[in-house]
Amino acid sequence: MKINEIIHKKRLEQGLTQEQIANSLGVSIPAVNKWEKGKSYPDITLLPPLARLLNTDLNTLLSFQEDLSEKEVALMINKVSEIFEKQGYEAGYEKAIHKIKEFPNCNLLIVNMATLLDGGLILYGKDINKDDYEEVIVSLYEKVAKSNDMNLREQAQSQLIHRLMQNNNYDKAQEILDTFSAERFVDKKQIQANLYIAKGELDKAAKLIEEKLLSTTNNLHTSLMTLMEIAIQEDRIDDGNYIADVDKKVAQLFDLWEYNQYVAHYQLYESLGNNAERIQLLLPMLKSLTKKWDIHKSPLYRHIQKKEIGKKMGPNLQKAIIQSIDSNEEMTYLKDDSEIKDLMKQLNIE
């Protein structure tokens, strides 16, 4: 915002009229009106008392510490992108730097412009000397890398890490990466894996990404189960069935323990009171609990530390499921099933 917009905005925030501003500063009401319309500016001697009256500071009043909204920054980014396409990289670069000089303390603008200029070099910088532009872009990232805003700081630092890796300065890259928060704003694990790959430490990179993949699939399962529960409560039964099908496919696609393939449908049928379908699913689900999950058989998890389902986990789940039969009159006859009886003996269930 410009000074006239700031005066107007701050005056309204303080609940003051133009007349009150004028009376406090000893100027006319039309003078204050012209300030807010941008037709004239306050005398320099009036700036300190005006800032105090508006409950702000001179830096803010004079736009020295400007904070643009995300929407404003997006509009500026779009404008520079259009210039790239129509007039070439140099023209877009000049426009971007002009905007940065206009708002020199808006780190949101700076990091987004730097990223745009970075990408623009690849798309539109074929016939120009990229070194001159690269130096300026790096300086912009370095400025934002000192920001108090963790999100913006880590965005800028991730770009600097990429350049350090290109220059084989892995120690410095690792030093910066170690300061990052845990997956808060940028994908720290992915950057770390890229750094391992650049250093030739492929085992470490694979292990990290395999663990990340496994964690992601677990989160995906949790999200799908929650969506299924919502669909059931909203009486969207077809959607619930669809989500359960997706969850089963996820378990199959990502080579998870076989038991995971049955969980969603079993919970769906239980919630709907659909005992016929639930009974049909029960035996294969119980049998799956006796099967070992050898994670290393999957090409997706060759380097991960061996993940074994606890020896007691399968039997404990079996026991809990079988005992739940007692609470459902329509399913108690299953206790006479030979396979169920064998399981009950193994688990010491009477």
So, are Glu36 and Arg11 salt-bridged, with charged N and O less than 4.0 Å apart? yes
Tell me whether Tyr89 contacts the main-chain N or O of Leu117 through its side chain, where contact means a donor paired with an acceptor under 3.5 Å. yes
Would you say that Ile137 contacts Leu121 through its side chain, given a criterion of any heavy-atom pair below 4.5 Å between the two side chains? yes
Could you go through the salt bridge (Lys or Arg N to Asp or Glu O under 4.0 Å) check for Lys189 and Glu211 one step at a time? CA-CA 10 Å; Lys189 289 182 179 178; Glu211 290 174 344; over 6 Å; no
Less than 4.5 Å apart, any side-chain heavy atom of Glu277 and any of Leu281? no
Is it true that, when you exclude Glu135 itself, more than 12 heavy atoms of the residues, nucleotides or ligands shown sit nearer than 6.0 Å to its CD? no
Within a strict 4.5 Å, meaning less than it, do heavy atoms of the Glu90 and Tyr133 side chains meet? yes
Other residues, nucleotides, ligands: >12 heavy atoms within 6.0 Å of Lys79 NZ: no
I'd like to know if Leu47 and Ile7 are part of one continuous hydrophobic network [Ile/Leu/Val/Met/Phe/Trp/Tyr, side-chain heavy atoms within less than 4.5 Å]. yes
With rounding to the nearest 0.5 Å, note down the distance linking CG in Leu268 to CE in Met225. 9.0 Å
Answer yes or no: does atom CG of Asn148 have more than 12 heavy-atom neighbours from other residues, nucleotides or ligands under 6.0 Å? no
Would you say Asn167's side chain and Asn169's backbone share a donor-acceptor pair under 3.5 angstrom? no
Donor-acceptor pair, Thr179 side chain versus Glu175 backbone, under 3.5 Å? no
Which heavy atom of Ile304 sits nearest to which heavy atom of His296, and what is that distance? O-NE2, 2.9 Å
Are the side chain of Lys188 and the backbone N or O of Phe180 linked by a donor-acceptor pair below 3.5 Å? yes
In this structure, OG1 of Thr226 is separated from NE2 of His221 (nearest 0.5 Å) by 9.0 Å
Are the side chain of Asn112 and the backbone of Leu108 linked by a donor-acceptor contact shorter than 3.5 Å? yes
Geometric class of the Trp293/Tyr301 ring pair [parallel <30°, tilted 30-60°, perpendicular >60°]: perpendicular
Test side chain to side chain contact (heavy atoms under 4.5 Å, CB included) applied to Phe84 and Leu116, step by step: CA-CA 10 Å; Phe84 278 158; Leu116 179 64; 3.8 Å; yes
For Met228 and Gly240, which heavy atoms make the closest approach, and how far apart are they? CG-O, 3.7 Å
Could you check whether atom CD of Gln14 has more than 12 heavy atoms from other residues, nucleotides or ligands sitting under 6.0 Å from it? yes
Using the rule given for side chain to side chain contact (heavy atoms under 4.5 Å, CB included), can you reason through Ile21 versus Leu54, listing the C-alpha separation, both sets of side-chain angles and the distance that settles it, and then say yes or no? CA-CA 9 Å; Ile21 295 288; Leu54 298 176; 3.9 Å; yes
Please walk me through it: do Tyr269 and Gln280 pass side chain to side chain contact (heavy atoms under 4.5 Å, CB included)? CA-CA 10 Å; Tyr269 301 146; Gln280 187 175 355; over 6 Å; no
Group every Ile, Leu, Val, Met, Phe, Trp and Tyr by side-chain heavy-atom contacts under 4.5 Å, then state whether Leu12 and Leu25 land in the same group. no
Between Ala145 and Ala156, which heavy-atom pair has the shortest distance, and what is it? N-CB, 3.8 Å
How many angstroms lie between atom CG of Asn107 and atom CZ of Arg153, to the nearest 0.5 angstrom? 11.0 Å
Note, Ile230 side chain near Asp239 side chain (heavy atom, < 4.5 Å): no
Do you see a donor-acceptor pair shorter than 3.5 Å between the side chains of Tyr170 and Asn168? yes
Is there a path from Val136 to Ile77 through hydrophobic residues (I, L, V, M, F, W, Y) whose side chains come within less than 4.5 Å of each other? yes
Quick one: pull up CH2 in Trp35 and CG in Leu46 and give me the separation to the nearest 0.5 Å. 5.0 Å
Residue pair Ser147 / Asp149, side-chain donor-acceptor N/O under 3.5 Å: no
With distance as the sole test, does Asn23 use its side chain to make a donor-acceptor pair with the main-chain N or O of Glu19 at under 3.5 Å? yes
Quick one, Leu256 and Leu214 - any side-chain contact, counting heavy atoms below 4.5 Å? yes
Looking only at heavy atoms, which two atoms of Val80 and Gly92 are closest? And how far apart? CG1-O, 3.5 Å
Checking side-chain polar atoms at under 3.5 Å, does His98 have a donor or acceptor matched by the opposite partner on Glu94? no
Does a donor on one side chain sit under 3.5 Å from an acceptor on the other, for Asn78 and Glu82? no
Could you walk me through whether Tyr93 and Ile83 pass side chain to side chain contact (heavy atoms under 4.5 Å, CB included), step by step? CA-CA 9 Å; Tyr93 172 85; Ile83 295 174; over 6 Å; no
Do you reckon Tyr124 sits in the same ILVMFWY cluster as Met113, going by side-chain contacts under 4.5 Å, direct or chained? yes
Less than 4.5 Å apart, any side-chain heavy atom of Glu142 and any of Leu160? yes
Does atom CD (Glu70) have a neighbourhood of more than 12 heavy atoms from anything else shown, all under 6.0 Å? no
Gap between atom NZ of Lys204 and atom NZ of Lys199 - 0.5 Å precision: 6.5 Å
Taking the side chain as C-beta and beyond, is there a heavy-atom pair between Leu177 and Gln192 under 4.5 Å? yes
Salt-bridge present (Lys9, Glu13; N to O < 4.0 Å): yes
Before you tell me yes or no, could you show the steps for His265 and Asp245 under side-chain hydrogen bond (donor to acceptor under 3.5 Å, both in side chains), namely the whole-Å CA-CA distance, both residues' side-chain angles and the distance that decides it to 0.1 Å? CA-CA 8 Å; His265 283 102; Asp245 288 343; 2.7 Å; yes
Do you know which two heavy atoms are closest between Ile197 and Ala205, and how far apart they sit? CG1-CB, 3.6 Å
Exercise: identify the closest heavy-atom pair between Ala206 and His303: CB-ND1, 3.3 Å
Hey, any chance Leu300 and Leu208 share a hydrophobic cluster, counting ILVMFWY side chains that come within less than 4.5 Å of each other, even indirectly? no
Begin from the C-alpha positions of Lys99 and Glu102 and carry the test salt bridge (Lys or Arg N to Asp or Glu O under 4.0 Å) through to its verdict. CA-CA 5 Å; Lys99 282 298 179 184; Glu102 187 177 352; 3.4 Å; yes
Enter the distance from Gln174:CD to Asp178:CG here, rounded to the nearest 0.5 Å. 4.5 Å
Does a side-chain heavy-atom distance below 4.5 Å link Glu5 with His8? no
